[in-house]
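This report concerns only the one structure given below.
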Amino acid sequence: MTIRGGARGLQAWLRSTRSDVLACSESTVNAVPESDYQSEIAVATELARAAGAVLLEHYYSPFLVEQKVNALDELEEVTAADREANELIVTRLKKEFPDDGILAEESTDSEHRLEKTRVWLIDPMDGTKNFIARNGDFAVQIGLAVGGESILGVVYQPTRKVLYRAVRGGGAWIEAENKPAARMSVSNQTKPGEMILASSRSHRSPRMEQVVNAFGFKGETRRGSVGVKIGLIAERHADLYLHLSPSTKQWDTCGPEAILAEAGGRLSDLFGQPIRYNGLRIDNRNGIVATNGAAHEMVIENLAPLLREFGREPV
């Protein structure tokens, strides 16, 4: 796909994209019961698809891989695709919701957002390493936090044309290509030996290996994006996801948490405490646990002695 005509061409294409998205199926938006966030979920869904199209344009073309130093002074890989998708989303959100704050991975952060009750959290491409590896395992993630709580989320996988979306009180929905939107709900598994773990594609640490062995899960499904792994729980393709390190950021979990919660699941830190969004620090320093909800307390309880053994305490 090539978008011609510069900024005007992009704007025209976005208008066309919105019409196509809304026309292809009334279920795209109307399947969600009316709420105070109908405009927000419509815009976020449109933008996730549009940003996904930008990512695919780069994905199927030669691209350069650069290095960046992020807000936590960590070295990370980045591409022009990350930046262009980020710019598309941020520019439109600023226009549609000028009074809201924004925290986006590829934008310069400002403490000005801390003054805002409503803040958008954006990861234009969760899974850049997988994009670079061209294994298709990456996603656009858009979340909205109100008063520090996740209340809306969209996760779109461009190569698979699968979109998860949710708004508080409206349920969690999956939209796959050529299929009507379907409501998602989590499993009710509570025994580790009957549960599927959503885990990372990358080589895991010895501590994570110890945790997996201690629980004795039935099996694993390995995926790259945080949002996709959490979405698998909402789809009942997995029952839980654990991330021990403090490396995930608020934009990694805000949108996915809304989707998981509306599907009946739960997300917390490793110690069972809720994740708060729009704080001064952008990292989830206490790690994350995402489950089907029914097993959450069991997972937290059984993690506790392992965390003590590792010397992990809440920070």
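All of these numbers come straight from a predicted model, not from anything done at the bench.
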Taking C-beta and beyond as the side chain, do [X] and [Y] meet within less than 4.5 Å on heavy atoms?
X: Arg134; Y: Tyr59; value: yes
X: Arg118; Y: Asp99; value: no
X: Trp251; Y: Ile282; value: yes
X: Phe138; Y: Ser225; value: no
X: Leu260; Y: Ile233; value: yes
X: Met125; Y: Glu106; value: no
X: Leu240; Y: Leu197; value: yes
X: Leu103; Y: Asp109; value: yes

salt_bridge([X], [Y]) N-O dist < 4.0 Å:
X: Glu313; Y: Arg308; value: no
X: Glu175; Y: Arg49; value: yes
X: Glu220; Y: Arg222; value: yes
X: Arg165; Y: Glu262; value: no
X: Glu76; Y: Lys129; value: no
X: Arg83; Y: Glu105; value: no

Please report the shortest heavy-atom distance between [X] and [Y], naming the atom on each side.
X: Asn292; Y: Val186; value: O-CG2, 3.2 Å
X: Val140; Y: Gly52; value: CG2-N, 3.8 Å
X: Pro256; Y: Val155; value: CG-CG2, 4.0 Å
X: Gly227; Y: Asp126; value: N-OD2, 3.2 Å
X: Arg113; Y: Val119; value: O-CG2, 3.8 Å
X: Ala104; Y: Val90; value: CB-CG2, 3.8 Å

Please tell me whether [X] and [Y] have a donor and an acceptor in their side chains that are separated by less than 3.5 angstrom.
X: Thr253; Y: Asn284; answer: yes
X: Ser268; Y: Gln273; answer: no
X: His237; Y: Thr221; answer: no
X: Glu257; Y: Tyr277; answer: yes
X: Thr248; Y: Asp283; answer: no
X: Tyr156; Y: Thr45; answer: no
X: Arg236; Y: Ser185; answer: yes

>> With salt bridge (Lys or Arg N to Asp or Glu O under 4.0 Å) as the criterion, how do Glu194 and Lys218 come out once you've worked through the C-alpha distance, each side chain's angles and the decisive distance to 0.1 Å?
In response: CA-CA 5 Å; Glu194 298 176 356; Lys218 177 181 179 181; over 6 Å; no
>> Are more than 12 heavy atoms, taken from residues, nucleotides or ligands other than Leu64, located less than 6.0 Å from that residue's CG atom?
In response: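 Incorrect, the count does not exceed 12.
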>> Heavy-atom count check: over 12 atoms from other residues, nucleotides or ligands less than 6.0 Å from Glu111 CD?
In response: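 It does not: Glu111 CD has 12 such atoms or fewer within range.
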> Is there a salt bridge (Lys or Arg N to Asp or Glu O under 4.0 Å) between Arg92 and Glu46 once you walk through the steps?
Replying inline: CA-CA 10 Å; Arg92 177 68 182 281; Glu46 172 194 345; 2.8 Å; yes
Does any N or O in the side chain of [X] come within less than 3.5 Å of the main-chain N or O of [Y], such that one atom is a donor and the other an acceptor?
X: Ser150; Y: Ala258; value: yes
X: Lys229; Y: Ser200; value: no
X: Arg266; Y: Val289; value: no
X: Asp82; Y: Thr79; value: yes
X: Glu66; Y: Val78; value: no

Approximate separation, where rounding is to 0.5 Å, of [X] [atom1] and [Y] [atom2]:
X: Ile132; Y: Asn135; atom1: CD1; atom2: CG; result: 10.5 Å
X: Asp252; Y: Ile230; atom1: CG; atom2: CD1; result: 8.5 Å
X: Asn278; Y: Lys116; atom1: CG; atom2: NZ; result: 10.5 Å
X: Cys254; Y: Lys249; atom1: SG; atom2: NZ; result: 15.5 Å
X: Asp269; Y: Asn286; atom1: CG; atom2: CG; result: 4.5 Å

Decide whether [X] and [Y] are clustered together by the hydrophobic rule: side chain heavy atoms of Ile, Leu, Val, Met, Phe, Trp, Tyr closer than 4.5 Å, transitively.
X: Leu56; Y: Val154; result: yes
X: Val228; Y: Ile196; result: no
X: Leu93; Y: Leu55; result: yes
X: Leu232; Y: Leu267; result: no
X: Tyr241; Y: Met298; result: no

> Arg168 and Glu149: salt bridge (Lys or Arg N to Asp or Glu O under 4.0 Å), yes or no, with the steps?
Replying inline: CA-CA 10 Å; Arg168 179 173 290 183; Glu149 297 182 6; 3.1 Å; yes
>> Taking side chain to side chain contact (heavy atoms under 4.5 Å, CB included) as the criterion, tell me which of Leu121, Asp123, Ile89, Val43 meets it with Ile142.
In response: Ile89
> Under the salt bridge (Lys or Arg N to Asp or Glu O under 4.0 Å) criterion, do Arg223 and Asp137 qualify, and how do the steps go?
Replying inline: CA-CA 7 Å; Arg223 298 295 292 274; Asp137 215 3; 3.1 Å; yes
> Can you say whether the rings of Phe131 and Phe63 are parallel (under 30°), tilted (30 to 60°) or perpendicular (over 60°)?
Replying inline: tilted
> Under 6.0 Å between ring centres, would you say that holds for Phe97 and Trp120?
Replying inline: yes
